[in-house]
Chemist: 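Before we start, here is the structure in question, set down as structure tokens.
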Amino acid sequence: MSTTENRAEFGSKIGFILSAAGSAVGLGNIWKFPGKAYACGGGAFLIIYLIIVALVGTTVMMAEFTIGRKTHKNAVGALRELNNKFAWIGGLGVLTGFIILSYYCQVGGWAMYYIVAYITDVATVWADPMAYFLNMLGANGFPLAALAWGLVFLALTAFIITHGTAGIEKMSTILMPVLFVLLIGLMIRSCTLPGADEGLSYMLHVDFSTINGTAILTALGQAFFSLSLGMGVMMTYASYLSSDDNLVSNTAIVCTLDTLVALFAGFMIIPAVFATGIAPGMGGAFGFATLAGVFMAIPGGQFIGMLFYFLLFFAAITSSTSILEGCTAFLVEEKGTERKKTILVLCVVLYIIGVLYTLSQAYMNIKGIWISREGLQFPIFGDFLEYLTDRLLLPLGAFFTTLFVGWIWGPDNSIEEATSYGKYKFTLAPAYKFIVKFIDPIAIGAIIVAGMVFGMSIS
Ligand code: PHE
């Protein structure tokens with residue numbers, strides 16, 4: 001895999017689409033999006049989010065796709081080939097991905113922990129959902145089981161990508177359709193619960209007075225995270241795509257699928273939360289402790305809860321593999337390391353950071369190693385990693401990518417690549433050109449500055 005000539009390629013068009021959608025659809029859609037939609041005003045937030053995805057999300061994704069496919073290289077190699085002064089933009093992306101992956105795999109492990117808990121020990125989960133969650137994280141002693149599941153999740157991620165694109169493609173073509181079916185089933189169940197209409201009307205009622213700067217910036221940050229943008233992952237995936245695939249339609253399909261899943265997850269969780277009268281808190285506990293209250297209150301809740309954690313697990317693993325692939329492709333191609341060894345070394349370091357992340361959730365507080373801001377639920381190290389990536393590094397990666405395409409490489413080159421030199425139609429090309437040059441850098445620049453200056457409370 002070290003030269004362009006013998007690089008792997010996705011086997012089919014649909015395999016690529018499902019893999020890229022698999023990367024995009026993840027914990028961000030199912031675990032983060034519903035809580036944010038609730039906190040930022042329901043319907044109005046949904047509209048803002050849709051506008052942002054349509055304008056900024058699609059254009060940044062197309063920028064990344066075209067850079068990757070043009071060069072058939074990892075994120076750093078791709079930028080270096082287009083202009084060797086800008087390889088660092090790819091490097092920044094790889095670093096961001098690496099940091100995200102360290103905690104992402106831990107949360108993936110928690111989802112596996114909960115699958116088992118719902119099968120074998122649901123009475124204990126439901127007896128006190130918050131205590132159960134904190135107990136898993138070490139509030140009453142070293143969280144060995146959670147850490148072990150984190151390791152299992154990471155090992156699975158590594159195992160899948162040792163087989164390169166073939167492994168990723170195979171996994172995604174099986175798991176993504178299953179995920180869709182599960183999600184739609186759970187959404188219908190939730191929307192037909194007695195009392196669900198209140199939640200539905202909350203999600204459908206548009207009241208723009210609830211929209212402030214924080215809500216808009218939350219939507220922007222969420223869109224990047226959710227669409228896997230700003231860290232070279234989409235570049236890397238597109239680099240495995242053959243030169244005559246249509247990047248215009250691929251961008252539209254992947255963005256649409258990712259956004260549909262986020263909306264479905266919102267319409268799965270919020271109506272259930274209203275129907276059961278549980279306050280939908282945000283942050284790490286939401287997908288675990290809060291939802292336990294919901295599953296507890298609905299008929300067949302044990303089975304539905306178990307399905308939900310399977311869903312979360314599938315969503316997480318098709319994303320974690322994409323990030324690890326991005327980091328691995330960089331090291332193998334740029335530093336000439338051997339693929340399997342590279343994956344192993346990456347995983348060791350990832351796991352060490354991940355362990356610190358999980359330990360900082362509760363165990364370190366208990367041991368007095370880390371002083372938390374407000375009790376057990378707001379661990380400083382975990383906050384720090386998420387703050388650094390979601391609010392700073394991801395937007396920075398996307399910001400520089402659009403500046404690069406808009407002003408250095410040039411949108412015309414990107415458009416030629418997207419359409420395979422005119423083979424495919426791209427009616428909105430003039431709009432793409434304008435957005436990538438002006439709107440994207442300004443809008444994204446605004447999040448970064450506002451995030452730093454006002455220290456906004458995005459969660
Ligand atoms: N998009 C994934 C999610 O929504 C997370 C992710 C971010 C994956 C960046 C890859 C790259 O959970």
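Atoms within a ligand are numbered from 1 in the order they appear, just like the ligands themselves.
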Chemist: For Phe225, is at least one N or O under 3.5 Å away from an N or O on ligand 1?
Modeler: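 Min N/O separation from ligand 1 is below 3.5 Å for Phe225.
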Chemist: So if I count the atoms of ligand 1 from 1 in the order they appear, which ones are less than 4.0 Å from some heavy atom of Ser23?
Modeler: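 Heavy-atom distances to Ser23 below 4.0 Å select 1 (N), 2 (C), 8 (C), 10 (C).
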Chemist: Using a 4.0 Å heavy-atom cut-off, say whether Met231 meets ligand 1 through its side chain, its backbone, both or neither.
Modeler: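 Near ligand 1, Met231 shows its side chain, while the N, CA, C and O stay back.
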Chemist: Considering both backbone and side-chain atoms of Gly28, is one of its nitrogen or oxygen atoms within less than 3.5 Å of a nitrogen or oxygen in ligand 1?
Modeler: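 Yes, at least one N or O pair falls under 3.5 Å.
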Chemist: If the cut-off is 4.0 Å to any non-hydrogen atom of Asn29, which atoms of ligand 1 fall inside it?
Modeler: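 Close to Asn29: 4 (O).
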Chemist: Can Thr165 and Tyr237 be counted as having a side-chain donor-acceptor contact under 3.5 angstrom?
Modeler: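 Side-chain D/A pair, Thr165 to Tyr237: absent.
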Chemist: For Val332, is there any backbone N or O sitting under 3.5 Å from a side-chain donor or acceptor partner on Arg339?
Modeler: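 Flag not set: sc Arg339 to bb Val332 has no pair under 3.5 Å.
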Chemist: Which is closest to atom 12 (O) of ligand 1 in terms of heavy atoms, Trp31, Tyr237, Phe224, Tyr104?
Modeler: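 The nearest heavy atom belongs to Tyr104.
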Chemist: Nearest to atom 8 (C) of ligand 1, what protein heavy atom do you find, and at what distance?
Modeler: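 Answer, as residue, atom name and distance: Ser228 OG, 3.3 Å.
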Chemist: Is the Lys NZ or Arg CZ of Lys32 less than 6.0 Å from the centre of Phe225's six-membered ring, within 45° of the axis?
Modeler: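 So Lys32 does make the cation-pi contact.
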Chemist: With respect to Thr328, which candidate in Asn74, Ile323, Thr236, Leu346 satisfies the side-chain contact (heavy atoms from CB on, under 4.5 Å) definition?
Modeler: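 For Thr328, the side-chain contact (heavy atoms from CB on, under 4.5 Å) test succeeds with only one of Asn74, Ile323, Thr236, Leu346, which is Leu346.
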Chemist: Which ligand 1 atoms, with their elements, are less than 4.0 angstrom from a heavy-atom of Ala24?
Modeler: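 By the 4.0 Å cutoff, the relevant atoms are 1 (N), 2 (C), 3 (C), 4 (O).
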Chemist: Test your reading of the model: is there a side-chain donor-acceptor pair from His163 to the backbone of Phe159, 3.5 Å cut-off?
Modeler: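 Yes.
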Chemist: Angle between ring planes, Phe313 versus Phe153, binned at 30° and 60°: parallel, tilted or perpendicular?
Modeler: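 Rings of Phe313 and Phe153: perpendicular, as their planes differ by over 60°.
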Chemist: So, regarding Ser322 and ligand 1 (criterion: nitrogen or oxygen to nitrogen or oxygen, under 3.5 Å), is there a contact or not?
Modeler: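 Ser322 vs ligand 1: no N/O contact under 3.5 Å.
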Chemist: Tell me, which pairs form a side chain to side chain donor-acceptor pair (under 3.5 Å) where one or both residues lie in residues 45-59, sequence neighbours left out?
Modeler: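 As it turns out, the side chain to side chain donor-acceptor pair (under 3.5 Å) pairs with a partner in residues 45-59, which skip direct neighbours, are Thr59-Asp440.
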